2 protein chains.
Amino acid sequence: MLKYQQTADEIERYIEQHELKQGDKLPILEELIRQFAVSKTTMTKSLELLERKGIIFQVRGSGIFVRKTNRTGYIRLFSTQGFKQNLVGHTIESTVLALEPMSATNNIAKNLGIEAGETVYYVKRIRYIDGKILCLEESYYRQSIVPYLNREIVEQSIFEYLETALQLNIGFSDMYMHVGKLSAESARHLDLTEGDPGLTIETVFHLTNGRPFDYSVITYHYEHSHFVVQANGLYL
Amino acid sequence: MLKYQQTADEIERYIEQHELKQGDKLPILEELIRQFAVSKTTMTKSLELLERKGIIFQVRGSGIFVRKTNRTGYIRLFSTQGFKQNLVGHTIESTVLALEPMSATNNIAKNLGIEAGETVYYVKRIRYIDGKILCLEESYYRQSIVPYLNREIVEQSIFEYLETALQLNIGFSDMYMHVGKLSAESARHLDLTEGDPGLTIETVFHLTNGRPFDYSVITYHYEHSHFVVQANGLYL
DNA sequence: CATTTTAATTGTACATGCACAATTAATCAA
DNA sequence: TTGATTAATTGTGCATGTACAATTAAAATG
């Protein structure tokens, strides 16, 4: 593990152990450098990481402060950490509705930047959070990159399998969001009524080398999904 | 303007001028350093910025590549740039429905981390994108931080006014999203029907020094709002 | 005592340098 | 020609150092 990640984790633990609240001040940069025995570069990178995670904010000339949201029960949409760390205290379960190889349609091919007809793994799941229906997910994995999937893997975390077992390095993703009315089929799976609201997020996942390997379409249950995003630069 | 931001802009222009496409390779780091005549640190920071903006991705041992989304007409939800740069080619207009000082309710106070009863500016607007209704916005600005607002300012970009005229430094924000059914009143403003889907985003904006100054509740028109997010670390 | 000015504090920008990891290209072996 | 090994390429991690900007606290001023 990299030193600056390690250090960031340690600082995070420091915040927990000292029970620091929103707005509380951390030791000054120099002191942190001494305390954690790293160089300025490393400490700066650690702090930058924590800032992107929404855990601290830095004010030049003033200090480094703890940042916390005052709401609980919200799912982090774009966390630097994954689904799991994200949802400590929550139980995620999945029911597999489909798992089979198929030939990529035009739409799938376009999103994955491949030729139509190439083989992809089709995975359809319902995901539950604390026993309640969270979302309906349909994913398409390029078989040339993800050669094998089985029911056991798909019932757990697919991405964990990809990272640990297949040693794939997941890089970045493009997400497209819109809100609409549920189709009869989606509504049935989500235990809702046709025409009810639904948030749909289409995501194209890429490896660190830029190759797209997964196109997924997720429709969230509007009553059970509340999201939080901690943004840093501007926004809308 | 900072050197690394300047350099990032120049590289962005370089990409445009050379008409580089998704996946195209940029000159190698050393070459970029020579070409733009900056140090390695600066160039690295510039590239990191561009990476966070979703404009490039870097692959160790391989090179630096252009990253582009293949969809148009989507609004960037969390861009490092603001609303304006974000929406080049689009026209944003606003109709002001309300603009008045008021006493903070419990909910507003809680979100802004202030005492109930403190004076806030209440702004209610409908915002249009290319002539179509985009969203209904209700914002509450702390008067102690934003002492003055008028109709002219509010019809344009409030944030631009805050940054340029008031010299406020906008830092980070916490956004809470959920999907629901429109109330009769919201539906009326959005020219939709009660019970139609709506994406609601509550945002608490902070200055760089960590002080919250604006709590806003925006409900988007589900037919006219499609969002794109370019994420980097993990996600869900 | 209120206000301005100055000084101390504290994080950020930028430069240089060394070591190293991941990828890719070149070489070699069979 | 294929597959393995080696070497070259290329970005990242980490350390050190100087200068500086924003904030805050202290001192000076009226």
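Here is how names work: the chains are called A, B, and so on, in the same order as the sequence lines, proteins then strands, and each is numbered from 1. All values reported here derive from a predicted model rather than from experimental measurement.
- Following rounding to the nearest Å, A/I33 (CD1) and C/dT10 (P) show an atom-to-atom distance of 13 Å.
- Between B/N209 atom CG and D/dT24 atom C1' there is a gap of 12 Å when expressed in whole angstrom units.
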Report task. Spell out protein contact along nucleotides 11-17 of chain C as letters: B when the base is contacted, S when just the sugar-phosphate is, - when no protein heavy atom is under 4.0 Å; keep the 5' to 3' order. Result -> BBBBBBB

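- One can place CD of A/E48 at 10 Å from P of D/dG13, the figure rounded to the nearest angstrom.
- When rounded to the nearest whole Å, the span between CD of B/Q167 and P of D/dA21 equals 16 Å.
- Pairs passing the side-chain hydrogen bond (donor to acceptor under 3.5 Å, both in side chains) check and including a residue from residues 32-42 of chain B, sequence neighbours excluded, read B/S39-B/T42.
- Considering only residues two or more places apart in sequence or on other chains, A/Y176 meets the ring-ring contact (aromatic ring centres under 6.0 Å, His included) condition with B/Y74.
- Legend: side-chain hydrogen bond (donor to acceptor under 3.5 Å, both in side chains) pairs involving residues 19-33 of chain B, not counting sequence neighbours: none detected.
- Between B/I170 atom CD1 and D/dA22 atom P there is a gap of 16 Å when expressed in whole angstrom units.
- In this structure, the CG atom of B/L207 is 14 Å from the C1' atom of D/dA22, given to the nearest Å.
- Not counting sequence neighbours, the partners of A/R71 by the salt bridge (charged side-chain N to carboxylate O under 4.0 Å, His left out) test are B/E202.
- Relative orientation of the B/Y140 and B/Y215 rings is parallel, given thresholds of 30° and 60° on the angle between their planes.
- Under the ring-ring contact (aromatic ring centres under 6.0 Å, His included) criterion, B/Y161 pairs with no residue at all, not counting sequence neighbours.
- D/dC14 atom P lies 16 Å from atom CZ of A/F36, rounded to whole Å.
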